[in-house]
Amino acid sequence: MADLPPYPGAPRWVKVSGIVAIILVLLVVAVVFTGIGGPHGPGRHMPSSGVTATGVQQR
């Protein structure tokens with residue numbers, strides 16, 4: 001046991017979690033920059049015309 005390093009390094013679950021997180025971040029960046037995800041922003045969930053939620057047109 002005298003040949004063991006003082007600290008063996010990060011546990012396997014930490015390494016795997018880090019790799020998964022990096023892959024997810026790269027996937028999100030790729031989707032945003034390629035435009036596959038469609039338009040984003042606050043206007044995405046708002047009606048695009050003058051129609052209100054009840055279906056009555058605003059004047």
Side-chain angles (χ1 to χ4, degrees):
M1 285 197 138
D3 294 336
L4 292 177
Y7 182 70
R12 181 177 293 151
W13 67 269
V14 173
K15 294 175 184 177
V16 171
S17 298
I19 291 170
V20 169
I22 289 171
I23 290 172
L24 288 175
V25 167
L26 290 175
L27 182 65
V28 168
V29 168
V31 166
V32 168
F33 281 123
T34 59
I36 295 173
H40 288 84
R44 182 176 186 176
H45 302 287
M46 297 175 60
S48 59
S49 66
V51 179
T52 62
T54 59
V56 178
Q57 281 226 313
Q58 295 175 342
R59 293 179 189 229

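Just so it is clear, the structure is predicted and the values come from calculations on it, not from any experiment.
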By side-chain contact (heavy atoms from CB on, under 4.5 Å), Ala10 pairs with (sequence neighbours left out) Val14, Lys15
Members sharing Ile19's hydrophobic cluster, built from side-chain contacts under 4.5 Å between Ile, Leu, Val, Met, Phe, Trp and Tyr, are Ile23
Linking directly or through intermediates, with side-chain heavy atoms under 4.5 Å: list the remaining ILVMFWY members grouped with Leu27, chain and number order.
none
